[in-house]
Amino acid sequence: MSAFFGRRFSLLARLLMAGTAALVVAGVVLVVVAVRQDAMNARSGMAAELRHELESLPRLLAEPVILGDYASLQQILDRYVRRENIVRVSFQEPGGAHVTSVDRPLPGSAPAWFIHAFGVEPLSGRTEIAVGNRVYGDVTVDLDASGYSNHAWSRLQLHVAIILLATICEALCLWLVLRAGLRPLRRLEEATGAFAEGSLDVRVASGGVPEIDHLIAAFNRMAQAVAATQAALSASEQRLRLALDAASMAAWHWDVASGELQWGDDPSFLLGPRPADGYPEFPSQVIDEDREAFLAVARTVMRTGEDYRAEFRLRRTDGSVSWIAARGRIEFDADGKPAAIRGVSADISARKQIESELAAHRQHLEALVAARTTELSLAKESAEAASRAKSTFLANMSHEIRTPLNAVIGLTRMLQRQSATPAQLDKLDKIAIAARHLLDVLNSVLDLSKIEAGRMTLEQIPFDLQALVDNIGVLAGDRIAAKGLAYRTAADPLSCRLVGDATRLSQALLNYVGNATKFTECGSITLRVRRMAESDERIELRFEVEDSGIGIAPDRLPHVFDAFEQADASITREYGGTGLGLAITRHIARLMGGEAGAESRPGQGSTFWFTAWFGKDATAAIVSPEAGLAALAAIEARLRAHYAHCRILLVEDDVINREIALGMLREDAGLQVDTAGNGEEAVAAVGERRYDLVLMDMQMPVLDGIAATRAIRQMPGKDALPIIAMTANVYAEDRQRCIAAGMNGHVPKPVEPEALYDVLLRWLPGQRDVAD
Amino acid sequence: MGRLLNSWRRAAAFLLALGAFGTTQPAAAESYSFGVIPQRSAVLTAQYWNPILDYAGRKAGVELLLKVARSGSESADAAARGDYDFIFSNHIFQPRVASAGYRVLLSTRDDPITGQIVTLADSPIHDLQQLAGQEVGFPSASAFVGYIVPIDELQRRRIDIKPVFGSNQEGIMAQLKAGKIVAAGVNGKLMQAYAAREGFRVRVLWESVAFNDLPVAVHPRVPAAVATAVRDALADMAGETDGISVLRASAERIGQKPPYGFRRATQADYRSYADFYRATVLREFRASP
């Protein structure tokens, strides 16, 4: 039906029909409802009227009935019957008298079918006329529905007339409004036609209903957009042409079905001059070597639908060969099948030439790079070998120097402790001083090596700062006293122990104090420790060593911390020294998170300072090595008193070092000591006897300390045996090798009694805290 | 619905009638007309008399049908014709009506009646002389105490008035109350009752001697037994519980004061009427000697 209406009737006609139909339907419904309502009202009205008449008539008729005045009664009935809807009123006396009104048929204007449809029947009612218990008779009232049906018919006619009028008005108004409203649509239709024929500048004036105006505005916007797009397309096409011309490219279109290739512009710059009979088929112009590949690409593209890309050589009509690069895109028909390829082609002969030259140059570069890489690898290997050689040299030199130094220092100490004449003691002191100096130089050189290699590390061990400061005084006190200098210390009190590398801190302070001692002839040296910053877990301290020495010239002061730098050459000649101490102190300070510096006034003295961060330790005190002969004696006494039951295995191949160590262990500390000359003997001794601790030299013949330690650890029940390395190798990796082999600690060579006793106290069974 | 109720009502009345009459009731009671002088509206007259006649008729074994004329004159004319079998009226004493031969059976138990000429209590008229030339209302030309007696007095006093007639006693009383007439000749007892009922006061300019109130009389054609039965039924009503209830209810409709009911009476009880008619100055009412 919608198709039927769509073909035959305009919008106006449809609206008119729809509106009219709606009005008619509504009108019919209204009429039916109204008629039904009228019928209901008629029935209820007639019933009410009858009730009313039957209530009022007795009162009205009582007088003439009582009087027996039937003439008056007749008149009354005749008058009464003229009332609306009453067609007859009659009085019946019991005795037989009957008075009836004249018949007054009500005019009926409604047609019979309407009356039938109206469905309201005549209504009759009767009542008595009784006065004082006497029934004088019955009065009967007959009502006719004609009045109501006439009224309903009139209303129906009125309703129908109104509906007709409304329908006519609706149709007329609709026609007028739509006609006026559709006029702009016709303008729009004309404009659309003109637009389709190419008049892109056509626009439609508004002025209709808002909906049409919106449509017109939308058309105008669309036209504007299309015109702008068209202009942009034109400009783009022009730019494309310019671009193609500039890039020496030509656009082409290849139709799949016909195989025809169409060029957008003159392709002579690609294909060569146009022959008289036109260009041959394109594939034939592709050189033989490239033709198969050229065709294969086309076949692949047709099959997969991917973009077309090909590079091939073309023989131009002038006989020359040029490289062509073609790019295209598939166009599909309505069935989704490839219908054409549209693309561009360009002469890339120059690019190909450049690519070839670049390839040749790249090959040459690769050869150069390979040669250079080989040279660099060799240089790197050489440098690494040199570094390893240097480290090995330093380690070996450290060991070769420390070992005899250990003997010199140890034997000198033994001689000093044995009875000796003052002259002998004086000489022994000088020997000890010289040996110590040599050891200091060696340590400084090794430290510098570690600094340069970035391998100086700090330990984090709790220590007592005041004890450390006091120890500095002990260590340097002799030389200070020898020069008659006053030595003072001033340290801010701390509420806890510090956590850090006490050894390096002592080294840094001893460097400062040693320099102050060296360069001060009279006056005093003061060591101060001040609290700089503090948190719950860390504290920054400032260490100052002030002297009243010769001072440093301002121009030299900035360089005193440089390695191998001294104030000047005269200083070296007069005071000696390696120039490494301050550099090492600054490095230590920086490792500790601080900095180092100095202030000085020539002739008045200097103040060397450094800052460092330490952790705070609230744990119980750990026995720290006691320094000084008195403290050393106390430790030896303690070892003799509490550890005499312990048995130690000393593994040392060097006779002198063995003798020195035995002196410390047996004679000074009173311990039980067995010896082994190499690692093999050590393993056998451990297997035969129980020991409380093993002191293991590292570099030994037959079996070195590392291998011996591994062998001992593999023996059942020997995994808890403390094995302490005695090594002149001071690098961290050497210590790591010891730990990895299963050693528990190390004692550096030359062996200092304090360090040795500290290890013994830590590892021998029956260790007690030293509180006294 | 009304039709249905009316049917049931008639059926109930019929059954009641059957029950009331019992087996002794004749198959169909004879009907006798009972004419009542129109002293008020026909409806009010019927409301008053129908219950009484219904009661008395059932007691007497007859059907007494109330008859009321439109006016006193018509009632007197009907009485003169002998239309009524029984009559409650004093028109029967008029010379022209007396020839019908009605015989007095009963009289009302209440006080005698008088004729009065009254004005409204606030009227400026205080004397009959002031009525000269005025319109004076009367119930009807046949009303005895309402017209004949007063007009006789006026004529004896040579007071010339313009008589105006109403339809009945209460009709002219209503005109007096409305101020349409300056004075009226009325039945004194009825005037009192009407004034009390309607709530206004009158001034009595003149009052006649007392006459017995209206009698119930019977036409000679009525069988004596019937007359006696009716007489007895009406006379005994006041002494019967149901009867006095009927009388009381009817009296309430018209504002009648007790005593209610009827007493046996004879023609002799109404000699005063005859005497008046013999002595009146009104030629049209004068009885022949």
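We name chains A, B, ... by the order of the sequence lines, and we start the count at 1 in each one.
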So, the part of A69(B) with a heavy atom under 4.5 Å from chain A: the answer is backbone
Side-chain ion pair, K189(B) and D213(B), N-O less than 4.0 Å: yes
Look at D77(B) together with R81(B) and state whether they make a salt bridge at an N to O cut-off of under 4.0 Å. no
Answer with yes or no after comparing the ring centroid distance for W49(B) and F88(B) against a 6.0 Å cut-off, counting only values under it. yes
So, for F165(B) and Y147(B), is the gap between ring centers shorter than 6.0 Å? yes
For L53(B), is it the side chain, the backbone, both or neither that has a heavy atom under 4.5 Å from a heavy atom of chain A? neither
Just give me the residue among L44(B), L65(B), T45(B), D54(B) that pairs up with chain A most often, heavy atom to heavy atom, under 4.5 Å. L65(B)
Tell me, side chain or backbone of T140(A) under 4.5 Å from chain B's heavy atoms, or both, or neither? neither
